[in-house]
Amino acid sequence: MNTYNQWMNNIQDWCISRQLWWGHQIPAWYDEDGKVYVARNEAEAQAQAPGKTLTRDEDVLDTWYSSALVPFSTLGWNGTAAATAEGGGFARSDLASAAHMSKGEPPASQSGAMAQSLTDYDLYLPSSVLVTGHDIIFFWVARMIMMTSHFTGQVPFKHVYIHGLVLDAQGKKMSKSEGNVLDPVDLIDGIALAPLLDKRTQGLRKPETAPKVRENTKKEFPDGIPGYGADALRFTFAAMATLGRTVNFDSKRCEGYRNFCNKLWNATRFVLMNCEGHDCGLMEHTKADCSLGGKAHGYMSFSQADRWISSVLQKVEADVAKGFEDYRLDNVANTIYDFVWNEFCDWYLEIAKVQINTGSEAQQRATRRTLIRTLETILRLAHPVIPFITEELWQKVAPVAGLAGDSVSIARYPQAQPEKIDEAAIAHVGKLKALVDACRNLRGEMNVSPATKLPLYALGDADFMRDVAPVLQALAKLNEVKVFDDEAAWATAAQAAPVAVVGEARFCLFMEIDVDAEKARLSKEAARLEGEIAKANSKLSNEAFVGKAPPAVIEQERKRVADFTATLAKIAAQLQRLG
C-alpha cells in the first residue's frame, strides 16, 4: 500500500510511445523542417501548416496509455467537462438518482423519457469493481486512476479485485512464445493432439525449441484435450481464485467440475421425474389456513429431513453472500459445490426417494415441494458461477416450482432467511448420518459387500431408531431394522456380532463372525480410547493448561473424557459378552 500511495502521490512523466505495429497511432505530424503539429486528425494538422508536406509519426501510443483511457473513453466521453449535457443527457449535478437507473429502476422524480436520456457515461462512471492481476497494478490500474481523475474529475472504479496469475501445471508463466499456453476454447470444446501440437509450436520465441514443446505437449496431453464445457472451466477458475499470487492450472481440475455439472443435470432429471405432473404443494395458503379446520390443514407434512435441507440452504445462502462481499470466489464455488454434491444429492435426494415411496399424501406433497423449491434456489444460487447449465435447467424447473420469469439471470438472487433455520432438524439428520456412516464402517470392518443386505439390531434411543428406520434401511442397505427394548433380548439376538455406538444407541449388523477377530478389534478400539482419555486427563491436570486455556476449550476436553469413558464402558460390555 505504501508503494501504491507513492505511485499516486508522486506521479512522474513516462514515455507514451512504442515502436509497435498495433495500437493507437500517435496524433503528431512533422513538416520538412521537423516541426511537430499535434491535432485530432490530418486535416486539422494540415490547417496548422498550410503549404507544408506533413508526415505522421509512425509510433503508436504506449499500450498502457491507451488502456488508461478505457474507464471513460468506452462510455462515450467526448473530451469536454460537460459531455453528457451537450449530448442531450443530464449534467452531473442532476444525477442524484442515477444509482437507481444502474439497478434497472428509473428515478422516481424523473419521467421515463428523461431517464432514458442518461448515457452510459452518466450511469457507469465510476464503475463498481475492476478485476485484474497483481502484475499490472502500476501499469494499468494506477494509470486508469491518473487519467480518469485528470480528464473527468472522478475515480474510475470503487473497488479493485486483484486475482493471482494463472501459470501452467509446472508453475511457469503461460506464453505463446514458450509454447505452454492453454487456449480456453480448447478446454471448452476439446482439441485433438495433432492440431494442439501445431498450435503450440507456432510463433515460438525460439523456433529451435519446437521439438521440446511437442514432446512436453504429448506427455501432458497424449490424447489431446477433452472438451470440458464453458461452465466446468468457469467453475474451475472460481474455485481456484484464492488469495495466493499465483495459480498453477492443471486442466484435470476441470474434470471434477464437469462431473459436478453432470451431477446437477442428473439430479434435476430425478427431481422433475418425481415432481412434474404431481401435486408439489404449491396451493396458495396462509398460516391461518393451516390451523385446525382451515383449508390447508393437513395439506403438507414436512419431515425433519425436509426442514434440515431448507435450514442448511439458508446457511449456504449466507455463506455465498459473504463470499461475494469479500471477493472470495473460491469460497462461493466451494460452498455451492459442497452443498449440492454432499448434502442435496448424496443425502437429501436419497432420503426423498424413501419419503415419496413410503410417505402419506401430505408427506409426499411436502417432499416434492422441498425438492423442486430447493433445486430452483440452487440454480439461481449457482448461476453466476455456471451460467449456461443453470439457465437451461431453470427454464424447465421454474414452471414446476410455480415461479415465472424469462431468465434465471434476472430472477431474484437468493437471500438467506435465518428465521427458517431449524437446529433440531439439523441435529436429527446429523444423528441419522452418524448411524448410516457407522453401518458403513461396520460393513468395512466385516468385509461385507455394500450390495449384501443385513439386518440391524438396535438397543437404546428407541423412539429415534423407529422413526428413522425406513430411511436408515434404505441408506444403509439393510433388509431389516429391529429395535429392542430389552437388553437381554438384544444381546441374545446380536450374539457376538460387531457392535457400534452412536449416542445412546448400540447396534449391530448381524451375521456370523469370527469371535477371536472381533475381540481383537474391540480390544484395539478400547486401547485407543484409553489413550485418548489419558491425553485429555493429562491436559486437565496440567495447571498451566487450565490457567491459560479458554473455558470453552477446557469444557471440550471434559466432554471428550466423558464421551470416551461412556463408549469405553460399552465396548467393555461387548468384550464381556464375547467371553
**Prompt:** Looking only at side chains, do Ser311 and Glu423 share a donor and an acceptor under 3.5 Å apart?
**Reply:**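 Not at all, the side chains of Ser311 and Glu423 share no donor-acceptor pair under 3.5 Å.
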Determine, for [X] against [Y], whether the closest basic-nitrogen to carboxylate-oxygen distance falls under 4.0 angstrom.
| X | Y | value |
| --- | --- | --- |
| Lys559 | Asp563 | yes |
| Lys431 | Asp461 | yes |
| Lys353 | Glu350 | yes |
| Lys263 | Asp346 | yes |
| Asp186 | Lys199 | yes |
| Arg328 | Asp330 | yes |
| Lys396 | Glu276 | no |
| Arg373 | Glu376 | no |
| Arg521 | Glu525 | no |

Atom pair [atom1] ([X]) and [atom2] ([Y]), whose distance is rounded to the nearest 0.5 Å:
| X | Y | atom1 | atom2 | value |
| --- | --- | --- | --- | --- |
| Asn334 | Asp319 | CG | CG | 11.5 Å |
| Thr367 | Ile351 | OG1 | CD1 | 10.0 Å |
| Thr236 | Glu255 | OG1 | CD | 10.5 Å |

Heavy atoms from other residues, nucleotides or ligands near [atom1] of [X] exceed 12 (cutoff 6.0 Å):
| X | atom1 | value |
| --- | --- | --- |
| Arg528 | CZ | yes |
| Phe388 | CZ | no |
| Lys433 | NZ | yes |
| Glu361 | CD | no |
| His159 | NE2 | no |
| Arg269 | CZ | no |
| Gln415 | CD | no |

[X] vs [Y] aromatic rings, parallel, tilted or perpendicular, using cut-offs 30° and 60°?
| X | Y | value |
| --- | --- | --- |
| Phe235 | Phe260 | perpendicular |
| Tyr413 | Phe324 | perpendicular |
| Tyr337 | Tyr257 | perpendicular |

Do [X] side-chain atoms and [Y] backbone N/O form a donor-acceptor pair below 3.5 Å?
| X | Y | result |
| --- | --- | --- |
| Arg200 | Thr217 | no |
| Arg380 | Arg412 | yes |
| Asp250 | Arg253 | no |
| Gln314 | Pro418 | no |
| Arg368 | Cys275 | no |
| Gln395 | Asp406 | yes |
| Glu391 | Val408 | yes |
| Arg258 | Ala232 | no |
| Arg443 | Ser449 | yes |
| Thr452 | Val448 | no |

**Message:** When you measure from the centre of the six-membered ring of Phe507, is the NZ or CZ of Lys482 closer than 6.0 Å and no more than 45° off the axis?
**Reply:** no
Looking at side-chain heavy atoms only, is the closest gap between [X] and [Y] below 4.5 Å?
| X | Y | value |
| --- | --- | --- |
| Trp347 | Val429 | no |
| Asp306 | Gln363 | no |
| Met465 | Leu472 | yes |
| Asp168 | Phe249 | no |
| Asp122 | Leu75 | no |
| Thr377 | Leu313 | yes |
| Pro222 | Leu193 | no |

**Asked** What's the verdict on salt bridge (charged side-chain N to carboxylate O under 4.0 Å, His left out) for Glu487 and Arg506, showing C-alpha distance, side-chain angles and the deciding distance?
**Response** CA-CA 10 Å; Glu487 182 163 359; Arg506 283 181 282 165; 3.1 Å; yes
**Request:** Measure from the ring center of Phe464 to the ring center of His428 and say whether it is less than 6.0 Å.
**Result:** yes
